[in-house]
Amino acid sequence: MQKASRKKMIFIITFSVILVITLLFVTWKGFQRMKVQNIFDEIYYAEPKSAGHSLTATRITKMQTLVHRQEQDRYPLEDRSMFHYAPDNLKTGEALGITVYFKQQALDITYTITFGENQSLQLNARYDVSQRELTYNPVSVTNQEGVSVTEAEAVQQFLREHEITSEMLSRYPQYYLVDKLATDWCAGNGDASRFTAQERGDFTIQDHISSELGADWQR
């Protein structure tokens, strides 16, 4: 009787432990799924959250188009991880970089087009993880003197000189955020991603590009 009772007790304890572990795992997986509501969440949470780490095969590095920038070696206290597109994966004169900010819980995506030796147009989008909000920040340009400016009048003049219309400007976020970043993320991660370039999940967009320039900037 005691032997049978002991076996029963061991079975109950073993079953209870397995049940607890299973429940904890299911709860953890559910939490992970709840906090990832869109493709930008997915990109953010894919990156290890510690400064100075050495990257191995994270899901971001599975995007063959991206190269990790070893900024932590120079700035070990910076709580961020930086990536940029390899030039072979972009058109001539383009640059596209992504910065994952851990403490700020944000992604910065910056797209640059170079015109000639010094002049360039820069567009930046910032994704706030806690607010699930993607903000298109005002355009900045670098003039012939190599000085970066954001004043509306100077930006307008630059755009006119390079024949960039408001319609062209409005299409840039679609190009670098969807046609490039989202598409390459899904291609690199395959079935591991819950989203597609077309179905990117739930988030809001704040567009400050046109509002900062004004509706009549092309006149």
Side-chain angles (χ1 to χ4, degrees), residues 24-72 75-85 95-112 122-140 150 170 172-212:
L24 288 173
F25 178 75
V26 170
T27 302
W28 180 79
K29 291 293 287 186
F31 174 73
Q32 294 296 314
R33 188 175 181 85
M34 283 177 59
K35 72 180 183 181
V36 175
Q37 296 297 315
N38 58 68
I39 198 165
F40 299 106
D41 284 341
E42 204 168 58
I43 294 171
Y44 174 80
Y45 285 113
E47 181 66 357
K49 303 298 178 289
S50 62
H53 59 71
S54 59
L55 290 180
T56 54
T58 69
R59 290 175 65 189
I60 292 182
T61 55
K62 288 181 182 178
M63 294 170 63
Q64 299 300 313
T65 54
L66 284 180
V67 178
H68 180 236
R69 293 174 59 184
Q70 299 291 342
E71 289 293 315
Q72 284 87 352
Y75 306 106
L77 298 180
E78 290 291 341
D79 197 15
R80 64 183 179 181
S81 193
M82 303 176 71
F83 304 85
H84 67 269
Y85 264 69
L96 181 55
I98 304 165
T99 302
V100 183
Y101 289 100
F102 307 143
K103 290 181 180 178
Q104 297 178 36
Q105 291 193 310
L107 291 176
D108 256 10
I109 306 107
T110 302
Y111 173 65
T112 305
Q122 188 175 85
L123 294 97
N124 171 269
R126 186 177 181 87
Y127 177 68
D128 185 319
V129 176
S130 63
Q131 300 297 319
R132 294 200 175 98
E133 185 174 271
L134 182 66
T135 301
Y136 301 162
N137 290 316
V139 174
S140 65
T150 57
S170 68
Y172 283 134
Q174 167 72 26
Y175 169 68
Y176 76 88
L177 291 171
V178 180
D179 298 345
K180 296 301 296 180
L181 179 59
T183 298
D184 291 341
W185 170 260
C186 293
N189 287 278
D191 294 337
S193 176
R194 289 165 43 196
F195 307 97
T196 67
Q198 293 72 38
E199 300 293 333
R200 297 181 293 280
D202 297 325
F203 58 94
T204 58
I205 294 176
Q206 295 290 334
D207 187 351
H208 296 310
I209 296 176
S210 299
S211 61
E212 290 293 322

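Everything quoted here is computed from the prediction, not taken from an experiment. The basis for the numbers below is simple: all heavy atoms, side chains too, and nothing from hydrogens, waters or symmetry mates.
Judged purely by atom type and a 3.5 angstrom limit, Glu42 uses its side chain to pair as donor or acceptor with the backbone of Arg194. Listed for the Tyr85 side chain is a donor-acceptor partner under 3.5 Å among the backbone atoms of Lys180. Under a 3.5 Å cut-off, the side chain of Thr135 and the backbone N or O of Asn137 do not form any donor-acceptor pair. For Thr112 (side chain) and Gln122 (main-chain N/O), no donor-acceptor pair under 3.5 Å exists by modelled atom type.
Between Phe102 and Ser81, the shortest heavy-atom distance links the atoms CZ-CB, 3.7 Å. Looking at every heavy atom in both residues, Leu177 comes nearest to Tyr136 through CD1-CE2, 3.5 Å. Closest of all the heavy-atom pairs between Ala197 and Thr183 is CB-OG1, 3.5 Å.
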Original post:
Can you list the steps and then say if Asp41 with Phe203 is a side chain to side chain contact (heavy atoms under 4.5 Å, CB included)?
Top reply: CA-CA 10 Å; Asp41 284 341; Phe203 58 94; over 6 Å; no
**OP:** Evaluate the side chain to side chain contact (heavy atoms under 4.5 Å, CB included) criterion for residues Asp207 and Ser170: first the C-alpha distance (whole Å), next the side-chain angles of each, then the deciding distance (0.1 Å), finally the verdict.
**Re:** CA-CA 10 Å; Asp207 187 351; Ser170 68; over 6 Å; no
Subject >> Chi angles and distances behind the side chain to side chain contact (heavy atoms under 4.5 Å, CB included) call for Val100, Tyr44 >> reply: CA-CA 7 Å; Val100 183; Tyr44 174 80; 3.7 Å; yes
**OP:** Would you check, one step at a time, whether the test side chain to side chain contact (heavy atoms under 4.5 Å, CB included) holds for Asn38 with Leu134?
**Re:** CA-CA 11 Å; Asn38 58 68; Leu134 182 66; over 6 Å; no
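Checked for salt-bridge contact, Asp202 and Arg132 miss the test: no charged N lies under 4.0 Å from a carboxylate O.
There is no side-chain donor-acceptor pair under 3.5 Å between Gln105 and Asp128.
From Ile98, atom CD1 reaches atom CG of Leu107 across 7.5 Å, with rounding to the nearest 0.5 Å. Atom CD1 of Ile109 is separated from atom CZ of Phe83 by 12.5 Å, given to the nearest 0.5 angstrom. Here the OG1-NE2 distance, from Thr110 to His84, works out to 13.5 Å after rounding to the nearest 0.5 Å. Separation of atoms CZ (Phe40) and CH2 (Trp185) is listed at 11.5 Å; rounding is to 0.5 Å. Atom OG1 of Thr99 and atom CZ of Arg126 lie 9.0 Å apart (nearest 0.5 Å). We find the CD-SG distance between Glu199 and Cys186 to be 10.5 Å, quoted to the nearest 0.5 Å.
By the 6.0 Å contact criterion, CD on Gln174 is enclosed, its count of non-hydrogen atoms from other residues, nucleotides or ligands being greater than 12.
Counting only heavy atoms from C-beta outward, the side chains of Thr204 and Gln131 never approach each other to under 4.5 Å. At a threshold of 4.5 Å between non-hydrogen side-chain atoms, the residues Pro173 and Tyr111 do not count as touching.
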